Structures are given as C-alpha cells and as structure tokens.
There are 2 protein chains.
Amino acid sequence: MKRSVATIDVEACCPQVLAGPLSEPEAELLALGFKALADPVRLRLLSLIADAPEGTACSCDLEGPVGKTQSTVSHHLSLLADAGLITKEKLGRWVNCAVVPERVAALRDALGG
Amino acid sequence: MKRSVATIDVEACCPQVLAGPLSEPEAELLALGFKALADPVRLRLLSLIADAPEGTACSCDLEGPVGKTQSTVSHHLSLLADAGLITKEKLGRWVNCAVVPERVAALRDALGG
DNA sequence: TGCATGTATCGACATTTGTCGATACATTGA
DNA sequence: TCAATGTATCGACAAATGTCGATACATGCA
C-alpha cells in the first residue's frame, strides 16, 4: 500500500519556511502537508469534523454537507489521513474521523512561529 | 490578464479552518492560498527570497539554487505573486521579489489563532 | 542604433488530481 | 445464514499542473 509508506512523520516535518533556505527534501515534505490543505472539499471536511460534537464525525454524515459522492468523500478523507491531519477509527460499521490538532499546528508553525 | 483577476484580497481571505464549517466560497479562497504553498519549488523560492539580503531577490539568482529553468522559475514566481505571497518590482532589467509577511501570517492564522 | 541580457509568454507534453459509477469488502442485525 | 448498510477500491475520464525549449518583449549599454 502506498498509503502507509506516504504517511507523514509528524515530528520531523516542519522547518520554518521563512527562516532560511529549505533543502529539497524539507520542501518536499512540507509541500505534502500543504497539498492536503489545497483543496476546498478537504478544507470543508476538516472544518466539519472539527465542528462535529465531540470532535468526531462519521464519514457518512459528511457526504451531504460537502455535496460529493461517497467515493469522493472517502478518497479525500484518506488523503487527509495520509497527511496526518485526521485520524480514522473504525467503530463497527462506521468510521469516526477526528482532527489531529498537533499536525495542523505543525503546519501553521512552519509559516512562522 | 488572468493574473490581476486572480490576485487575492489579503484582507478577506482567511476564516479559521477549525472554528466552524467553512462555506464553499470560503474554502475555495483558502484553498487558493494553500495551493500556492503546495509545491516544493515554490516553498524553496519563498525561503530563498526571505533569506536574501534585505529580503529581496532577483529572480535570476533563484534559478540556480532551485535547479529549474528560467521559464519554470518565472512561472512559479508568478503563481506566488498571484497568491499574494510575494511582490515583484521591476527595477531596470531585473525583477526584485519580496515576501509579503502579512499574507503568510494570514494563511498561518487560518490554521488556528 | 544595435546588441546583450533579464524576464514573460507560448506551445507542447507527461503526470497528477478530482470526480464519478460500479463493485468489492466488512460488519451488524434479522 | 442472509440481507442491509457503511466504507474502500477499481477503472475511467476530464481538467489542472509542472516542466521544458523556443521565442517574443523590454531595458540598459556600447
């Protein structure tokens, strides 16, 4: 699976963009994070999950609000999870998604302390 | 010119991603900002410009460090400028680029105050 | 005026990305 | 065990993106 290989190390990901020249690997890694944020559907999914009661949302409850197919929503949620921005926990038939605030904060901090 | 139309309004751009459901237009606008950050070459250009003496860099001095063609660098610089992340000032034969810190900060703040 | 130099644009191309419908997988409940 | 339901994957496709070489544009200098 490409997914697990691509999963991002939250710790070592985020040098400061404006604090000196980025190496190519550093830039590559950082870009992966921002790529995950670079789509309106994913941003809305993030915001909906964060806003859900107890901070978790069933992916089936997200399809309606964003107005996309089940398959498309599933795809975007996988990308967000790959980027470390959310976790997906399987509970019976459902998948509960939760934002990973540390990861969001890490990307924020990369744009300046 | 597509460029001027697409140029982003720094003021009205950046609702908080995690502070409640984003509307589609809000998400669209935010995504434009992150899209500009979602490429390693552009991240490196940003970091190089920020690191340059007096915070400005001639675009001809950036081609070597990032290892890309003049045409490619020009293209990326235009995208960064469209996103409001840098300014380009034409000085004689050269173009001086400077980071727009407020714009970077605005995107950072969208990821949480 | 003509040439050298820095920048932007154009055309082309391969790759990536977002989207969908169809279908496979998994789990619960009857 | 079987059917219903939530999720993931597959295959396909159009659109967007990153890249390059070639070329046009602009500006300063000899």
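All figures in this text were calculated on a predicted structure; none of them were measured in a lab. In what follows, chains carry the letters A, B, and so on, assigned in the order in which the sequence lines appear, proteins first and then strands, with residues in each chain numbered from 1.
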Q: Taking atom P of D:dA16 as reference, at what distance in whole Å does atom CG of B:Leu32 sit?
A: 13 Å
Q: I would like to know whether A:Leu18 and B:Ile49 meet side-chain contact (heavy atoms from CB on, under 4.5 Å); could you show each step before the answer?
A: CA-CA 8 Å; A:Leu18 302 182; B:Ile49 296 170; over 6 Å; no
Q: Would you kindly give the CG-to-C1' distance between A:Leu80 and D:dT7, to the nearest whole Å?
A: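 Taking atom C1' of D:dT7 as the reference, CG of A:Leu80 is at 16 Å.
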Q: Check the distance between D:dG18's P and A:Glu24's CD and give it to me in whole angstrom.
A: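 My rounded result for the distance is 15 Å.
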Q: If you measure from CG on A:Leu79 to CG on A:Asp39, what distance do you get to the nearest 0.5 Å?
A: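 CG of A:Asp39 is found 8.5 Å from CG of A:Leu79.
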Q: What is the separation between atom CD on A:Glu28 and atom C1' on D:dG18, rounded to the nearest whole Å?
A: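 Checked: the CD to C1' distance equals 12 Å.
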Q: Let me have a per-nucleotide readout for nucleotides 16-26 of chain C, 5' to 3', with B, S or -, counting only protein heavy atoms under 4.0 Å.
A: -SSBBBB----
Q: Listed in order of residue number, which residues of residues 43-62 of chain A have a non-hydrogen atom at under 4.0 Å from DNA chain D?
A: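 Result for residues 43-62 of chain A: A:Cys58, A:Ser59, A:Cys60, sorted by number.
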Q: Which heavy atom in A:Gln16 sits nearest to a heavy atom in A:Gly112, and how many Å separate them?
A: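 Looking at all heavy atoms of both residues, the shortest contact is OE1-CA, 3.2 Å.
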Q: From NZ of A:Lys88 over to P of D:dG6, roughly how many Å is that when rounded to an integer?
A: 16 Å
Q: Flag the pair A:Thr87 / A:Thr56 as yes when at least one side-chain heavy-atom distance between them is below 4.5 Å, and no otherwise.
A: no
Q: Whole angstrom is fine here: how far is it from CH2 in A:Trp94 over to P in C:dT28?
A: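 Whole-Å distance recorded here is 8 Å.
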Q: Give the rounded distance in Å between these two atoms: CD of A:Glu63 and C1' of D:dA8.
A: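 Checked: the CD to C1' distance equals 12 Å.
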Q: Does the side chain of B:Trp94 reach to within under 4.5 Å of the side chain of B:Asp61, using non-hydrogen atoms?
A: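 With C-beta onward as the side chain, the pair stays apart.
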Q: Quick check on the hydrophobic clustering: are B:Val95 and B:Leu62 connected, directly or via other members, by side-chain heavy-atom contacts under 4.5 Å?
A: no
Q: So, for B:Leu85 and B:Ala36, which heavy atoms are closest and what is the spacing to 0.1 Å?
A: CD1-CB, 3.7 Å
Q: Say whether A:Ser59 and A:Lys88, considering side chains only, have a donor N or O and an acceptor N or O under 3.5 Å apart.
A: no
